Amino acid sequence: MKTLNIIRTETANNYTTTAIASMVTAATYTLDGTEQTVKAGEGRTLVLVVDGVQENLVPGASYEVQDSFEIAEVSVYRTGGPSAAPWSGAKEEEKVSYYFRQALLVKNGQIVDDCSIPHLIQGGSFDAAGADGITLTSNAPHFNGIILDEGTRYEIKNSKFYAKGDGSDDLSGWGASITADNKAVVDINDSYIETEGCIRCGLYVDNTAVVTVKDSVLYSKETPDTYDEFHQLVPAMMKRVPFALGMEGTVRTLNVMADGQGIFKDSIVVSTGWGALSCDSGTAYDICGTYCLDCDNVLSGIGTLEVAQEGKEYTAVKEVNGVKYGFTVSGSGYVTYADSGVHNRYKNVEFYSPDYIQIMGSGRSGSEYIDSYLYAEHNVFMTQQSAGGTYELTNTKVDTTDALLQIKSGAANTGFSNIIVDNSEICFSGTSTRSKDGILVELVESDDAGNPGITTYTINDHAEEAEATLSSVTECYATLKNGTYKGDIYNCIYNYRQELNVAVENAELTGTISSSTAIHVDLEGNVVPNGTVLNAFLGSKEYDHVRYNAEQGGQNGDCLIIGRYRHTAAPMLNNPVNVTLTNAKWNVTGDGYLQNLTVTALSDLTAETAVTVNVKKLTVAGEAYADGSYTEGNVTIIVDSTVIEVVDNGICDAGQTYGNVAYTFYGKMTDGTLDSKAFAVKRQNYIDGKLYYSIVPAEGYKIESISAEGGEISENTAGGELAIYDSVIAPGEGETAMSVTVTLAR
């Protein structure tokens, strides 16, 4: 056995630890005392291989060489980094390119020899069409296993992949064990993929690539970094889950981008913290026509995984490829995700999370759950900045503590979404500090902390200051049918006007339905006062780690107060609720306030104790009832059609940029009258901190002029997904808010 010592290296730049590790152009080492230097040619970089394993090529590293070592020279096929997001922390002059390096690159069905390192592929066999029985191990950061590109068709079976060390950008597959890109078609069968490192995916799929995973296990563990190592890591994009989502974590096992597709069958996908079955910045189903994620008979969750030990209790057990695995829910994170209008389908799945099963955002995303089991210790679903997405549950059982669906909207980020629950079982267990009977659906003012780089949020609940407004957000729908359901439904929006429509069809519902006010509470149920600053858990010097399920912080930290609201039924202001019962019964458990109530008969409502339901309009068997009081059993319905006087504030749209700059669009007529219905705004926040948008005048309106404060408007010349927008507004230097005033005539 010989001793290899790395003395010094030269790198293309040394601004960041990411670059230092991935851009080595020369290395000086000693092997049993003999010093040698290796240099890479132009456009190439060096990779260290010791006894068939990729190791870290950095000064001070030392390795015992049993059989062989190699400092391989590979051509740079891909780079990343210059387009770092505004929250990445890199200075402009330090936004350098980082080099992709991989064990095997197959492009257009051919192995690219000068970009591959065959000595890293141990055992079995491989060629340009597939790999069988191989083992690929990486013990160093920022290194890819296999990249399959440009229409390559490839089958991986009976193989094992291990990667330990940080990734660099899970929005580009940097550091993933397997990457499929640019129309590649890949089958992964009977295989095991394990990663351990910050933002180091097991599988990455992008650009119309399709990956089918069968009888396989994907398991990603959070970073083993010390506190200092984590903070020195400067990737091109996110290295932790956005604090705004109300959880902590550093790794997504899977990421599907653009119009890529991930198909999973008879498999296990687990992450210790952040996300398991994730997709990000996808292409809408309306455009690509395919499911982004399509899962059948899959166990997935946030927690730990091991080969099941006899006599040991686990949250769930599943056998894959002849091996029985035990899963234990723990940590913090979501199981799956959908955004940008993508649709996902989950059939016969078991999903477990200490926080959320799924989050949907940005676009008309959708997800179907069929014949499945879902377990969440907080909220099952959450939508954020959504635009009409729908959750559909069919023949599915849910176990949760707090809520089935939380829809975030309001001043910070407007959004609207829907849910359909059909012949399913929704169970609330455990101790909730938010609701005695559990919350089926809640429409709440968003406490979105902002872009992924923001790590604090200040509590600011102010429903008591709200005024009636005509500025509105598209309504939301909740449909419960063919079953017996128990839980409350609330709408506490107050900065805009947004309706929540509830339909109960061929079903029985027990609970309170009402407009409400809501406040944040902590894990003990105590009110969190306005002005309280919530902080993300960014690691612990004392315990020398950044594991998010750690002893200090982690899942018991401030992140869990994000989205934790407690409701009080209150008269309607900007938060109407409309309820329709069709061949249904509503067992009312508390006083409530509705805008419209439509029933077949007053006897459709029952209660164990006396309750009052206040409505603006009551329709029974097609007949509108006059103002007055109507009592049936323990239920009294008071009809008061008095209209709330509203002064138009002219706000047609509002929100905040990725740089946390607030924006507001005002509609004003030529005579100075404010008009919040004068136009609609189609818009997209982008990672450059700017807002791309188009103004769509209402019928009969004509734009006369447009002006801005706090930002500069210009014609949009960007291409790609941004090309559909007419204009772009960039915040002024140091500005925290900007506005656009559109003057119109009729």
Side-chain angles (χ1 to χ4, degrees), residues 22 40-45 47 54 72-81 83 97-121 124-134 136 138 142-159 161 163 167-189 191 193 201-214 216 254-263 279 281-283 287-290 292 719-721:
S22 66
E42 185 176 353
R44 298 167 75 84
T45 187
V47 177
Q54 187 256 340
E73 184 180 0
V74 294
S75 294
V76 178
Y77 172 66
R78 296 182 178 206
T79 62
S83 59
S97 295
Y98 310 139
Y99 295 168
F100 275 66
R101 305 157 301 148
Q102 58 281 321
L104 180 64
L105 171 63
V106 186
K107 177 181 176 183
N108 197 22
Q110 300 294 321
I111 294 176
V112 183
D113 291 326
D114 66 344
C115 293
S116 302
I117 309 171
H119 293 166
L120 276 172
I121 302 175
S125 61
F126 73 95
D127 56 22
D132 186 359
I134 68 168
L136 203 163
S138 167
H142 325 310
F143 189 81
N144 284 73
I146 296 178
I147 295 180
L148 305 162
D149 204 358
E150 294 193 8
T152 292
R153 291 183 173 271
Y154 209 80
E155 182 182 12
I156 298 170
K157 58 184 179 180
N158 303 314
S159 296
F161 296 79
S168 304
D169 179 358
D170 67 355
L171 293 179
S172 64
W174 204 350
S177 290
I178 299 174
T179 294
D181 204 354
N182 297 313
K183 299 184 179 180
V185 178
V186 182
D187 291 325
I188 301 174
N189 298 316
S191 294
I193 302 172
C201 292
L203 174 62
Y204 177 84
V205 187
D206 202 353
N207 295 317
T208 321
V210 179
V211 178
T212 301
V213 179
K214 293 182 179 179
S216 296
L254 165 78
N255 204 6
V256 179
M257 299 282 293
D259 51 356
Q261 187 177 17
I263 302 170
C279 52
S281 304
T283 299
I287 297 173
C288 65
T290 59
C292 181
E721 63 181 319

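Scope of the values below: all heavy atoms of this structure, side chains included, with no hydrogens, waters or symmetry mates. Being a predicted model, the structure only gives us computed values, none of them experimental.
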What one should report as the nearest heavy-atom pair of V47 and R101 is CG2-CD, 3.9 Å
Of all the heavy-atom pairs spanning A180 and V186, show the shortest one and how long it is.
CB-CG2, 3.9 Å
First locate atom OG1 of T208, then atom CD of Q261, and finally report the distance between them rounded to the nearest 0.5 Å.
10.5 Å
I156 and S191: side chain to side chain contact (heavy atoms under 4.5 Å, CB included), yes or no, with the steps?
CA-CA 8 Å; I156 298 170; S191 294; 4.1 Å; yes
Are any of the side-chain heavy atoms of D114 and V74 separated by less than 4.5 Å?
no
Could you tell me if S116 and D113 have a donor-acceptor pair between their side chains, going purely by distance under 3.5 Å?
no
Dump the intermediate steps for side chain to side chain contact (heavy atoms under 4.5 Å, CB included) on T290 and V210, then the final yes or no.
CA-CA 10 Å; T290 59; V210 179; over 6 Å; no
Counting only heavy atoms from other residues, nucleotides and ligands, does the tally under 6.0 Å from CZ of R44 exceed 12?
yes
Shortest non-hydrogen contact from S22 to Y99?
O-CB, 3.5 Å
Stepwise side chain to side chain contact (heavy atoms under 4.5 Å, CB included) check, L120 with F143
CA-CA 12 Å; L120 276 172; F143 189 81; 3.5 Å; yes
Side chain to side chain contact (heavy atoms under 4.5 Å, CB included) partner of M257, chosen from D170, V205, D181, D206:
D206
Apply side chain to side chain contact (heavy atoms under 4.5 Å, CB included) to the pair I178 and I193, showing each step before the final yes or no.
CA-CA 9 Å; I178 299 174; I193 302 172; 3.7 Å; yes
Could I get the full list of ring pair (Phe, Tyr, Trp, His ring centres under 6.0 Å) partners for F100, not counting sequence neighbours?
W174
Report all side-chain donor-acceptor pairs from residues 103-111 shorter than 3.5 Å, counting only partners two or more places apart or in another chain.
none

Quick one: do K183 and D259 make a salt bridge, cutoff under 4.0 Å?
no
Given the rule in the side chain to side chain donor-acceptor pair (under 3.5 Å) test, do D149 and Y77 qualify, once you have shown the distances and angles that lead to the verdict?
CA-CA 11 Å; D149 204 358; Y77 172 66; 2.3 Å; yes
